[in-house]
Amino acid sequence: LASEIRTVYWEDGKVLLIDQTRIPEEFSIIAMTDYRDVAEAIREMKVRGAPAIGVTAALGIALGAQRIETCDSDEFCRAIKGIADEFAGTRPTAVNLFWAIDRMLGLIHPETDSVEVMRQKLLDEALRILEEDIEINKRLGSFGVDLIKDGDTVLTHCNAGALATAGFGTALGVIRAAAAAGKRVQVIADETRPRLQGMRLTAWELSMSGIPVTLITDSMAAWAMSKGMVNLVIVGADRIAANGDTANKVGTYGVAVLAKAHNIPFYVAAPFSTIDFSIPDGSHIPIEERDASEVTHIGGRRIAPEDVHVLNPAFDVTPSKFITAFITECGIIEPVEIGKMRDKG
Ligand code: MRU
């Protein structure tokens with residue numbers, strides 16, 4: 001079952017993850033013993049999705065810690081910070097990455113801890129972050145379940161499923177919870193150009209779970225809504241500002257505007273680790289710009305003219321006024337409430 005998918009995990013001193021660039025053609029697991037390979041896997045999007053990136057970086061830091069050859073606590077700590085910096089440089093938008101790194105760095109104390117103690121603390125914490133992520137998603141799903149009525153069709157964009165987290169998923173976790181509660185729910189999945197997470201990952205994950213899914217290209221969402229085919233929209237998030245403005249996969253903003261125009265509720269499902277209380281609004285969210293070839297090429301073949309200028313922002317920011325509510329592990333929260341939730345996480 002896709003709900004039991006282990007996106008990333010630790011086994012025998014190695015970090016293992018599903019290579020998401022190969023799905024659905026192939027289901028392959030990569031085993032890594034060098035933290036640099038883990039960082040590269042995040043950069044190349046072999047593992048992706050905000051919570052999954054955070055969990056993977058934490059495991060990567062724990063992996064790097066195993067190989068630092070020193071008995072000097074200060075030297076060990078400096079090396080860990082260097083490794084953490086490498087992970088921080090992989091992808092800029094999902095705040096879960098920086099949240100996980102801060103959590104890892106916050107627990108090592110070279111003044112009192114031996115190298116062995118710090119190594120163990122880092123591994124324990126990374127495994128805790130992983131387990132907690134699955135628990136949080138299940139809790140979030142249980143809060144979201146009432147938003148879906150029997151017979152509803154949910155439109156989603158990108159992949160906010162088990163593959164985007166340590167397991168279960170956020171947006172797809174809510175849908176999974178509704179299906180488990182006996183509701184007949186079906187999904188319309190936007191293909192999500194340019195990396196096609198909706199077509200490759202969401203359609204695959206839902207099919208594996210036996211949840212009916214219909215694939216559309218991104219440009220068909222307005223048509224589907226105008227025909228009354230969509231009851232609600234649920235997406236994930238990469239970073240939520242204190243005023244509720246939300247960065248998610250590019251194209252999400254357009255879906256939110258369309259939902260508003262058709263009076264369709266638009267929900268963002270995300271754990272508290274996705275909220276960045278340090279920024280007042282979405283204009284402060286760094287947006288990753290990825291390689292132009294993701295736009296100009298399809299299936300490895302160049303489709304665009306040779307010299308065309310290309311934009312490739314990987315995310316966009318949906319203003320909070322288009323968001324009906326956030327589905328979190330602490331309940332359903334309206335955008336105006338986000339800033340007040342700082343101490344509840
Ligand atoms: O570029 P990606 O595939 O990492 O982008 C993923 C998304 O935008 C997801 O919707 C988001 O990270 C939420 S995942 C639970």
Side-chain angles (χ1 to χ4, degrees), residues 2-3 5 7-8 17-21 23 41-57 90-100 133-134 136-138 140-141 144 154-176 187 189-202 204-205 218 233-240 246-256 266-276 282 285-291 294-295 312-318 323 326-329:
S3 55
I5 276 176
T7 305
V8 55
L17 53 85
I18 300 169
D19 184 348
Q20 298 189 33
T21 59
I23 289 178
I42 296 176
R43 209 172 280 119
E44 290 176 357
M45 294 175 67
K46 287 182 170 147
V47 59
R48 33 62 54 199
I53 293 172
V55 170
T56 305
T90 52
R91 297 195 70 192
T93 303
V95 77
N96 312 59
L97 171 66
F98 307 97
W99 168 88
D133 184 57
I134 300 172
I136 284 170
N137 292 339
K138 290 189 173 162
L140 184 157
V154 183
L155 184 140
T156 192
H157 190 74
C158 194
N159 172 269
L163 289 167
T165 61
F168 200 71
T170 57
L172 297 194
V174 175
I175 293 164
R176 230 184 264 298
V187 177
D190 283 352
E191 65 169 349
T192 319
R193 271 280 283 158
R195 294 288 296 229
L196 304 176
Q197 291 92 329
M199 172 151 75
R200 294 188 301 102
L201 310 177
T202 297
W204 178 81
E205 218 189 290
D218 300 321
V233 176
I234 311 180
V235 296
D238 287 83
R239 196 186 291 230
I240 301 166
T246 296
N248 190 49
K249 178 54 53 198
V250 70
T252 302
Y253 180 17
V255 174
F266 180 94
Y267 296 103
V268 173
F272 260 67
S273 53
T274 310
I275 307 175
D276 185 349
I285 300 176
I287 300 295
E288 177 182 12
E289 176 80 26
R290 293 189 64 88
D291 198 89
E294 292 184 348
V295 174
N312 187 17
F315 303 93
D316 60 24
V317 177
T318 301
I323 299 169
F326 292 88
I327 309 168
T328 76
E329 69 270 35

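All ligand and atom numbering here is 1-based and tracks the order in the structure.
Residues with a heavy atom under 4.0 Å from ligand 1: M45, R48, G49, A50, P51, R91, C158, N159, A160, A164, T165, T170, Q197, G236, A237, D238, N248, K249, F315.
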Using the rule given for side chain to side chain contact (heavy atoms under 4.5 Å, CB included), can you reason through D316 versus I287, listing the C-alpha separation, both sets of side-chain angles and the distance that settles it, and then say yes or no? CA-CA 7 Å; D316 60 24; I287 300 295; over 6 Å; no
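Ion pairing between E288 and R290 holds under the 4.0 Å rule for side-chain N and carboxylate O. Comment: D276 engages R239 in a salt bridge, judged by a side-chain N to carboxylate O separation of less than 4.0 angstrom.
Side chains of T170 and N137: no donor on one and acceptor on the other come within 3.5 Å.
Side-chain N or O atoms of E294 include none that pairs as donor or acceptor with a backbone N or O of N312 at under 3.5 Å.
Counting heavy atoms from C-beta on, the side chains of F315 and T252 never come closer than 4.5 Å.
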